[in-house]
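Structure first, commentary second.
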Amino acid sequence: MSEDNSAQPLLRHDLHDKWPQAASVEDFQHNLAAVQARILKACQRVGRHPGEVRLLPISKTKPEAVLRQAYAADCRFFGENKPQEAYGKWQAMQDLTDLQWSVVGHLQTNKAKLVARFATEFQALDSLRVAEALERRLQLEGRSLDVFVQVNTSGEASKYGLAPAEVAAFLRELPAFSALRVRGLMTLAVFSAETEQVRKCFVLLRELRERLRQETPASIGLDELSMGMSGDFEVAIEEGATVVRVGQAIFGARATPDSYYWPTQQK
Ligand SMILES: *Cc1c(COP(=O)(O)O)cnc(C)c1O
C-alpha cells in the first residue's frame with residue numbers, strides 16, 4: 001500500500017519509552033480517552049461502528065492501588081494473564097461489586113478452580129482437558145463462564161493456542177460443556193514491526209471464523225474476535241476485532257518481560 005494511513009505496530013522494546021506509568025485517576029482518564037480516540041479512528045478508516053469494539057484493559061503486574069485508580073476512571077472490566085494474580089486482586093477488590101474479570105492467559109488444569117470461582121470470561125481456551133476442568137469446577141460453583149478459543153495464527157511454537165486446522169473439531173466438542181458459553185476466537189499476532197506480517201495473523205483469524213460459522217453447532221457463538229494489543233490494536237480493528245486487549249497503552253510499560261507470558265520454549 002502506498003497511502004499507508006493504517007497503524008504501524010511497535011516493536012516490544014520501543015514500548016518502555018512510549019508508555020509512562022499511569023499513576024493517578026487523571027492519567028487513566030487521559031490514557032483511556034487517547035486509546036478510545038485511536039479505536040474510533042481505526043473504526044472510521046474501515047467504516048465500522050466503534051460500539052462494535054470493546055476495550056479490555058489488561059492490568060497484569062500492576063498493583064491493586066493502581067487498579068483502583070483505573071476503576072475510578074471508569075474501568076469496570078480488567079484482564080489478567082495469570083490466574084493466581086487475578087484471583088488475589090479479585091479477593092482484594094470485592095468491595096467493588098460491579099467489577100468483572102477476564103483471564104486472558106494460558107490455563108493449567110490445576111488452576112481451573114480459581115478461574116471458575118471469580119472470572120466472567122476466559123479468553124485462552126485451547127484444550128479439552130481445560131474445558132473439562134473448568135466445567136467441573138463451574139458446576140460446583142453454580143457459575144458459567146464466557147470463553148474464547150485461542151488460535152495460534154502466527155505458527156510460532158512459543159504461542160499458545162490451537163492450530164487453525166484443529167479449531168473446527170474442537171468447537172464441535174464444546175456444546176457438551178454447558179457451563180461454558182462460547183463467544184468467539186482469540187489470538188496474539190506475531191510480534192513484528194512489519195504491519196503486513198501482523199495483519200496476516202488477524203486476517204487468518206477473521207477468515208477462519210467466517211468458515212467455521214458455516215459448520216459449527218448453533219449453540220457455539222462465534223461473534224467475537226479478540227485480537228490486538230497496545231502495539232497492534234488498530235490493525236486488529238481494521239481486520240474485524242470486537243475485543244482489543246490493551247495493557248501498556250493504558251497502564252504504562254511493564255517491567256516484566258513478555259517472555260514470562262509467552263515462553264520461548266515449546267510449551
Ligand atoms: C499482556 C497481554 C495483553 C496486553 O499487552 P500490552 O502490550 O500490554 O497491550 C494482551 N493479551 C494478552 C494475552 C496478554 O497477556
Side-chain angles (χ1 to χ4, degrees), residues 7-22 27-28 31-32 34-36 38-39 42 53-63 66-67 70 75 77-86 89 101-108 111 115 119-126 130 146-154 156 158-162 183-193 198 201-202 205 224-237 241-264 267:
Q8 298 295 322
L10 291 157
L11 282 175
R12 311 306 289 171
H13 57 74
D14 294 335
L15 301 182
H16 287 261
D17 308 329
K18 188 166 169 77
W19 286 311
Q21 298 308 308
D27 287 349
F28 278 105
N31 291 352
L32 287 162
V35 170
Q36 291 289 4
R38 288 168 60 191
I39 290 173
V53 181
R54 169 161 63 104
L55 172 60
L56 175 59
I58 303 292
S59 50
K60 67 192 188 200
T61 78
K62 304 299 174 183
V66 168
L67 270 64
C75 288
F77 218 131
F78 289 123
E80 290 275 339
N81 188 295
K82 303 276 183 191
Q84 302 99 304
E85 181 182 345
K89 289 175 181 175
W101 298 87
S102 176
V103 173
V104 299
H106 179 74
L107 188 62
Q108 290 166 326
K111 302 284 161 38
V115 172
T120 300
E121 180 178 272
F122 172 56
Q123 291 208 355
L125 184 62
D126 61 1
V130 168
D146 287 349
V147 297
F148 291 59
V149 173
Q150 184 169 356
V151 183
N152 182 342
T153 54
S154 68
E156 296 165 289
S158 62
K159 294 270 170 46
Y160 290 115
L162 295 167
R183 297 300 190 198
L185 307 178
M186 178 273 222
T187 201
L188 279 85
V190 64
F191 295 134
S192 165
V198 172
C201 298
F202 298 143
L205 196 71
E224 305 283 346
L225 290 179
S226 176
M227 53 190 199
M229 307 171 32
S230 291
D232 58 18
F233 69 85
E234 288 144 305
V235 183
I237 290 169
T242 64
V243 181
V244 290
R245 308 178 309 269
V246 180
Q248 298 180 97
I250 295 172
F251 285 86
R254 278 184 301 276
T256 320
D258 282 328
S259 55
Y260 179 65
Y261 299 99
W262 300 288
T264 46
K267 49 189 153 154

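As the structure is a prediction and not an experimental result, all values here were calculated from the model. Heavy-atom basis, side chains included; hydrogens, waters and symmetry copies ignored. Read the numbers this way: they start at 1 and go in the same order the structure lists the ligands and their atoms.
- Below 3.5 Å of separation, one finds no N or O of Gly105 facing any N or O of ligand 1.
- Counting the atoms of ligand 1 from 1 in the order shown, those under 4.0 Å from a heavy atom of Met229 are 3 (C), 4 (C), 5 (O), 7 (O), 9 (O), 10 (C), 11 (N).
- For atom 15 (O) of ligand 1, the nearest non-hydrogen atom from the set Met227, Lys60, His106 comes from Lys60.
- Proximity of Val104 to ligand 1, defined as any heavy-atom pair under 4.0 Å, is shared by backbone and side chain alike.
- Side-chain atoms of Lys89 come within 3.5 Å of backbone N or O of Lys62 as a donor-acceptor pair.
- Atoms of ligand 1 found under 4.0 Å from any heavy atom of Arg254 (numbered from 1 in listed order, with element): 1 (C), 5 (O), 6 (P), 7 (O), 8 (O).
- Under a 3.5 Å cut-off, the side chain of Arg245 and the backbone N or O of Ile58 do not form any donor-acceptor pair.
- Against a heavy-atom cut-off of under 4.0 Å, Val246 is close to the following atoms of ligand 1: 9 (O).
- With His106 as the fixed residue, the side-chain contact (heavy atoms from CB on, under 4.5 Å) test singles out one of Asn81, Val130, Asp126: Asp126.
- Taking Arg183 as the reference, Asp146 meet the salt bridge (charged side-chain N to carboxylate O under 4.0 Å, His left out) condition, with sequence neighbours excluded.
- By the salt bridge (charged side-chain N to carboxylate O under 4.0 Å, His left out) test, Lys82 is found to be paired with no residue, residues two or more places apart in sequence or in another chain being considered.
- On a distance-only criterion, Arg245 and ligand 1 share at least one N/O pair closer than 3.5 Å.
- With Ser230 contributing its side chain and Ala249 its backbone, the two residues share a donor-acceptor pair below 3.5 Å.
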